[in-house]
Amino acid sequence: MTDLTQNSLNPSEAEDPKRSDFVRELVSEDLENRRFNRSVQTRFPPEPNGYLHIGHAKAIVLDFSIAQENGGICMLRFDDTNPTTEDQRYVDAIVEDVQWLGYNPASINYSSDYFEQLYEWAELLILEGLAYVDAQSAEEIAEQRGGFGQPGIEGPYRDRTPDENLALFREMRDGLHPEGSCVLRAKIDMQHENMQLRDPVMYRIRYDHHYRTGDTWKIYPSYDWAHGQGDAIEGVTHSLCSLEFSDNRALYDWYLQQLPLEGEAPYQTEFARLELTYTVTSKRRLKQLVDDGHVSGWDDPRLPTLRALRRRGYPASAIREFCSFIGVSRTNSRHDIELLESFVRTELNQTAQRRMAVLRPLKLVITNWPEDEHGEPVIEMRTLVNNPEDDADGTREVPFSRELWIEQDDFRMEPPPKYFRLSPGTEVRLRGGYLVTCTGAICDEEGNPLEVHCTYDPQTAGGSAPDGRKVKSTIHWVAASHAIDGSVALYERLFKERIPGETTGDPIDDLDRDSVEILRDCKLEQSLSDVEPNEVVQFERIGYFAADPVLEDHFHRTVGLRDEWARLQNQR
RNA sequence: UCGGGGAUCGUUCAACUGGCAGGACAUCGGGUUUUGGUCCCGACAAUGGAGGUUCGAGCCCUCCUCCCCGAACCA
C-alpha cells in the first residue's frame, strides 16, 4: 500500500509569483471580456489504457492550477471511448496517481456516461443531413480521404437520405451489422485542406466488452465526437491539450456548432507536451519496456511513470514545483532531467532526515579505544543532528565503538592528489564522533585494504578539537557491533543517450543494460530499521534513499548528492 | 507535395507587446561549512539567415532555411 496522505500543497506553491504564459493570458482575457457566464473550468482527460507519467504531470499541474488560480474547478474525465484497450485497473491507478500528485478533482467523470446523449446528438446530425452511414471498408475510406496536397473524393454512400441513414444507424446500434462493416461519418468537406474535416468517423462498431458500459453498446464514438461534447456537458471553459491535437480543433468547434448547446462553448488550446532527456514518455515505448522485460514493471524506479517516481522517492511537491517552473509554451522542447533532479534535491534537502549508511563497507579499528570492566570495547552513544536544515527534526543517539564500518571510497593506501579522506598518517573526523588518525592498514596479497587501523583523540568527542586544529574531511561510519545489514538499489539513467533512439530510431538500442546496481552487504545505522515505507532519508554524503514499501531494510536511491569529488576525478 | 505550429545562452522559460536581452538548471572559479551536501559570491554564454520599416527591432513587414504535427473505424 502506498501512503497517499502527505501531499498537501505547500503554502509557497499557492502564492507562486504569477508567471504569465500564453494560456494564462487567454484565460485572463476571457475573464475580462466575460466570455463565459460560468467560472473557469478545466479537466484532465486521460484515456484509461495506461499509466500516468511525468508528461501527464505537466498537464495535470497546468489544468488544476489554471482552475485554482481563477477560483474555478478542475475535473478528472476518463476518455473511455475505446472498449478494446481500456480497463478499470487503469482508472484506479490514474485516480490514485492524481491524488498522490496532490490534487482532488472536483468530480470524476467518464465519457462513457455521455454515450446516450452523444447518440441522440448523432441522430440529430443525421436528421439535419450532416452525418451519414458509410458502408465502405476502412481502406477504401482512407484512400478516398486523399493526402497532403491531394483533395479527397466523395464516397458512394455520401448522399443517402437522412431516413436511410437513421435506419442504418439504428441497426448499427442494435448490433445488426458486423464490426467494420460500416461507420457513421460527419458530412463536412472531402476537399477540405484540413484532413480532420474530410468527413471524419463519428461512430464505429465494436462488439468488445466495455469496462463500464458492458455490452450495452455495439457502437462507440470516436475521440473527436466525444471530447468537445464531454467538455460542453461538464461546463468546461478551457480545454487544454497537447500540440498534436491542433488540427482537431477545427473539428472540435464544428461539432459543437452543430449542437443545441446553451452558453458559450468551451474552446481548445494546445501546448507542448513535456519531454525529458535520457528517458521516454510515450505509452507505446513505456509499454514496450515493461512488456519486453527491460524493466521490472510499471513502477520500476527507472521509469518516468508517476508510480515509479513515487517508489523511487520523488516528492510529489517537487514534481509539482518542477512542472509549474518549466511553464507552458508551444515550442517542442526537451528539458534536462537534471532540472527535475535539482527540484527533487531542493525539496529533499529541506525535508529528509539524515542518517548514516555504509554502502561498500571497510572495517576500521580504533586501536586505542578503551575497554570496559569485562574487557569489552566501550559502547558510547553519540548525539547526531537529524536535519541541519530543520532544527525541529531534533537529534538521535548513535552508538560508537572500537570497530566501525566506513566506506571503501573513504580510504586510500596511496591517496591521489586532492584526496582529503583517510590514508596512512592523515587525520579525519568521524562525523559526530571523534578525530582519528590512520596508523596503517591490513591488506590482502593484491594490496586491497581489509582493515584500517586508527588511533582516536579522546579530547575530540563530538568531532572538534580543543586546540582548534582542523581536518580536511569528515566521513560517515556505522558501529560494527550495532549495524544492521541492508541492501540498496542504485539507479542510473535507463538510457545512455540524451535523446533515446535519436540515431537508430529505436530507443531500445540506447538502453543502458546496467542501469541498476544492487548492493547487498550494506551496513546501516540502527535507526534505519524504523523508517516508514516510502519515506525518504538522506544517507549522509551519498544521496537520498527511499525505503522500499515491502522489503525490509531495502532502499532505493532517489537521487545522489552533488559530488564535487567525483567531478574532480572526471575532469582529469 | 498541402495544411497547422515552432525557432532567444549548452538546456529551458522570460522580456511590461517597439526601448540597456533576464532567471533557473548545467558548466567554470571563489567563499562558508562537522556532509567534497546545503548556503553565499562571481564568471561564461543567445535572438536561425538575408533584406525592409523605424530615432530605435527578439518583437512589425518580405523572402529564405531548419524542426515538429497531420492522410486509425487510436486518443
Side-chain angles (χ1 to χ4, degrees), chain A residues 19-21 25 45-47 49 79-82 84-86 134 136-139 141-152 179-185 192-196 198 200-206 219-220 222-224 226-227 241-250 270 272 277 283 325-343 345-346 349-350 354 356 384-385 388-389 418-421 428-433 435 462-464 470-476 498 538-543 560-568 571:
Chain A
R19 71 176 62 251
S20 192
D21 54 62
E25 276 174 23
E47 184 187 14
N49 69 346
D79 225 337
D80 53 356
T81 57
N82 184 352
T84 317
T85 56
E86 296 155 3
D134 193 335
Q136 298 181 97
S137 69
E139 295 71 35
I141 290 176
E143 227 168 88
Q144 289 165 6
R145 186 128 44 210
F148 304 145
Q150 303 135 239
E179 276 191 21
S181 61
C182 48
V183 291
L184 183 73
R185 289 226 260 168
H192 200 103
E193 55 193 19
N194 180 348
M195 307 260 297
Q196 297 295 332
R198 318 244 262 229
V201 169
M202 293 168 65
Y203 277 94
R204 72 282 207 192
I205 298 170
R206 286 288 167 79
I219 55 173
Y220 289 89
S222 62
Y223 163 82
D224 292 290
H227 200 91
C241 65
S242 47
L243 245 27
E244 69 267 27
F245 290 99
S246 297
D247 290 344
N248 297 57
R249 187 174 63 242
E270 312 88 27
T277 55
K283 275 181 190 169
F325 179 83
I326 59 172
V328 48
S329 73
R330 294 180 64 90
T331 313
N332 291 311
S333 57
R334 189 177 293 265
H335 282 81
D336 283 334
I337 189 80
E338 289 93 340
L339 183 61
L340 208 209
E341 289 173 345
S342 83
F343 274 87
R345 286 197 190 95
T346 299
N349 177 53
Q350 295 300 320
R354 315 289 129 122
M356 293 196 287
L384 278 283
V385 170
E389 304 292 327
K418 298 274 188 66
Y419 186 85
F420 301 149
R421 281 108 97 147
V428 302
R429 173 167 34 240
L430 294 171
R431 165 137 248 210
L435 300 189
S464 50
K470 304 279 188 205
V471 290
K472 300 194 84 168
S473 185
T474 299
I475 66 175
H476 61 279
R498 212 181 109 80
Q538 183 194 102
F539 289 175
E540 292 219 42
R541 303 206 304 135
I542 304 176
L561 255 24
R562 284 190 53 140
D563 190 346
E564 188 82 5
W565 172 237
R567 243 188 53 226
L568 268 177
Q571 275 175 14

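Protein chains get the first letters and strands the later ones, always in sequence-line order, with residue 1 at the start of each.
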Exercise. What is the base-pairing partner of B:C66, counting Watson-Crick and G-U wobble geometry with both distances under 3.5 Å?
Worked result: B:G6
For this session: Using Watson-Crick or G-U wobble geometry with both distances below 3.5 Å, tell me the partner of B:U47, or none.
Result: none
Check nucleotides 28-30 of chain B against the protein and report each pair of N or O atoms closer than 3.5 Å, with its distance, or say if there are none.
unit_1	atom_1	unit_2	atom_2	d
B:C28	OP1	A:Q571	NE2	2.8
B:C28	OP2	A:R567	NE	2.9
B:C28	OP2	A:R567	NH2	3.1

Exercise. Hey, is B:A72 sitting syn or anti, using the within-90° cutoff around 0?
Worked result: syn
Exercise. B:C16 pairs with which nucleotide, Watson-Crick or G-U wobble, both distances below 3.5 Å?
Worked result: none
Exercise. Using the rule for Phe, Tyr, His and the six-membered ring of Trp, do A:F420 and B:G36 stack at under 5.5 Å and under 30°?
Worked result: yes
Exercise. Taking only N and O in the side chain of A:R541, is any of them less than 4.0 Å away from OP1 or OP2 of B:G36?
Worked result: yes
Identify all pairs in which a protein N or O lies below 3.5 Å from an N or O of nucleotides 40-42 of chain B, and state each distance.
none

Exercise. So what does A:R354 hit on the nucleic acid, given a heavy-atom distance under 4.0 Å: a base, only sugar-phosphate, or nothing?
Worked result: base
Seminar exercise, completed: 5'-most contact on RNA chain B (nearest-nucleotide basis), A:A566 vs A:R330, goes to A:R330
Problem set entry | Rounded distance in Å between the P positions of B:G22 and B:G37 | 29 Å
For this session: Have a look at A:G543 and say if it touches a base, only the backbone sugar-phosphate, or nothing, with a 4.0 Å heavy-atom cut-off.
Result: nothing
Problem set entry | Letter per nucleotide, 5' to 3', of nucleotides 69-75 of chain B [B base touched, S only sugar-phosphate touched, - untouched; heavy atoms, 4.0 Å] | SBBSBSB
Exercise. What orientation do A:W565 and A:Y419 show, parallel under 30°, tilted 30 to 60°, or perpendicular over 60°?
Worked result: perpendicular
Exercise. Is there a side-chain contact (heavy atoms from CB on, under 4.5 Å) between A:D247 and A:M195 once you walk through the steps?
Worked result: CA-CA 8 Å; A:D247 290 344; A:M195 307 260 297; over 6 Å; no
Problem set entry | Sugar-phosphate only, base, or nothing, as touched by A:V328 at under 4.0 Å among non-hydrogen atoms | sugar-phosphate
